[in-house]
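Just below is one structure, and these are the notes that go with it.
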Amino acid sequence: MREPQHPSVSDIELTAVLAALSDPIRVGLARQLADGAERGWGELRAPVAKSTLSHHLRVLRDAGVTRTRQEGTRCFVMLRRRDLDRRFPGLLDAVLDAAVRDDIGHDVGLAEPSQRAGS
């Protein structure tokens, strides 16, 4: 399996980040990752097919919003908060605050602890 590619901090583009965060599912994913924890893809729940969830995660990764790490056949994802704050100070906090206030991405969540073992 090929290791995912991520843009360097200096290559993260504002328009790419804004485009990636223009979808409610992707905003919901960012909200779930905002606590700084790395999550297994299997822990993430969204009202879309697994292939569509994979697409959303790839869009976030390609834009530089998240970092994906593979471990064997499992994939883990985390928000690149420090990198985004360095490149665009305050942007991520503003987007996440607005998303919480307007309840955007509320239907994205995490699997119950009993469901995470198989993720």
Side-chain angles (χ1 to χ4, degrees):
M1 202 173 260
R2 203 177 106 228
E3 192 65 28
Q5 299 297 306
H6 304 90
S8 67
V9 175
S10 62
D11 289 336
I12 297 174
E13 297 178 357
L14 178 62
T15 54
V17 172
L18 293 175
L21 294 173
S22 68
D23 182 276
I25 297 293
R26 294 192 289 265
V27 170
L29 291 166
R31 285 179 62 180
Q32 291 302 316
L33 298 170
D35 64 0
E38 180 180 66
R39 307 277 185 203
W41 283 18
E43 292 179 59
L44 301 169
R45 295 290 180 259
V48 295
K50 285 184 180 184
S51 60
T52 304
L53 179 60
S54 179
H55 165 76
H56 285 305
L57 289 166
R58 186 178 70 245
V59 169
L60 291 169
R61 183 192 69 225
D62 290 348
V65 176
T66 61
R67 179 169 302 283
T68 300
R69 176 180 66 85
Q70 289 187 246
E71 188 175 291
T73 59
R74 296 186 65 200
C75 289
F76 298 89
V77 63
M78 67 183 300
L79 195 62
R80 292 179 66 180
R81 179 182 288 278
R82 187 176 306 144
D83 293 342
L84 290 168
D85 286 345
R86 193 169 358 152
R87 185 81 168 111
F88 309 111
L91 176 66
L92 188 58
D93 285 334
V95 169
L96 293 174
D97 288 347
V100 169
R101 186 177 56 249
D102 295 346
D103 206 22
I104 298 169
H106 68 276
D107 50 353
V108 176
L110 298 175
E112 296 299 320
S114 61
Q115 296 174 321
R116 292 183 188 174
S119 58

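On a predicted model such as this, the values are computed, not experimentally measured, just so you know.
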Which heavy atom of R81 sits nearest a heavy atom of A34, and at what distance?
-> NH2-O, 3.4 Å

Is it possible for you to say whether V27 and V59 belong to one hydrophobic cluster, with membership spreading through side-chain heavy-atom contacts below 4.5 Å?
-> no

Is there a side-chain contact between T68 and L57 (heavy atoms, below 4.5 Å)?
-> no

Could you check if a side-chain atom of L91 sits within less than 4.5 angstrom of a side-chain atom of L84, using non-hydrogen atoms only?
-> no

Test item: M78 and L33 side chains (from C-beta on) under 4.5 Å apart, heavy atoms | no

Cluster link V9 to L14, ILVMFWY, side chain under 4.5 Å | no

Reported CZ-to-CZ distance for the pair R69 and R61, which is rounded to 0.5 angstrom | 14.5 Å

Heavy-atom pair of closest approach, residues V17 and F88 | CG2-CE1, 4.2 Å

Can you tell me how far CZ of R45 sits from CG of D107, rounded to the nearest 0.5 angstrom?
-> 14.0 Å

Look up atom NE2 in H55 and atom CG in D23, then write down how far apart they are to the nearest 0.5 Å.
-> 7.5 Å

Are side-chain heavy atoms of D83 and R86 found at a separation under 4.5 Å?
-> yes

Shortest non-hydrogen pair, L79 vs A30, comes out as CD2-O, 4.0 Å

Taking all atoms of both residues into account, what is the closest heavy-atom pair of R31 and I104, and its distance?
-> NH1-O, 2.6 Å

Report the C-alpha separation of V77 and L29 in whole Å, then their side-chain angles, then the decisive distance to 0.1 Å, and conclude whether the side chain to side chain contact (heavy atoms under 4.5 Å, CB included) test is met.
-> CA-CA 10 Å; V77 63; L29 291 166; over 6 Å; no

Check the hydrophobic clustering (I, L, V, M, F, W, Y; side-chain heavy atoms under 4.5 Å; chains of links allowed) and say if W41 and F76 are grouped together.
-> no

So, for A63 and P7, which heavy atoms are closest and what is the spacing to 0.1 Å?
-> C-CG, 4.1 Å

Examine distances only and state if a side-chain atom of Q32 and a backbone atom of V108 form a donor-acceptor pair shorter than 3.5 Å.
-> yes

If we only count heavy atoms from C-beta on, is the T52 to I25 side-chain gap below 4.5 Å?
-> no

E38 atom CD: more than 12 heavy-atom contacts under 6.0 Å = yes

Of all heavy-atom pairs linking I12 and R87, the shortest is O-NE, 2.8 Å

ILVMFWY cluster, L21 and V48 together (side-chain gap under 4.5 Å) = yes

Considering only NZ, NE, NH1 and NH2 on the basic side and carboxylate oxygens on the acidic side, decide whether D85 and R82 come within less than 4.0 Å.
-> no

Ignoring hydrogens and geometry, is there a side-chain-to-backbone donor-acceptor pair from R67 to R80 under 3.5 Å?
-> no

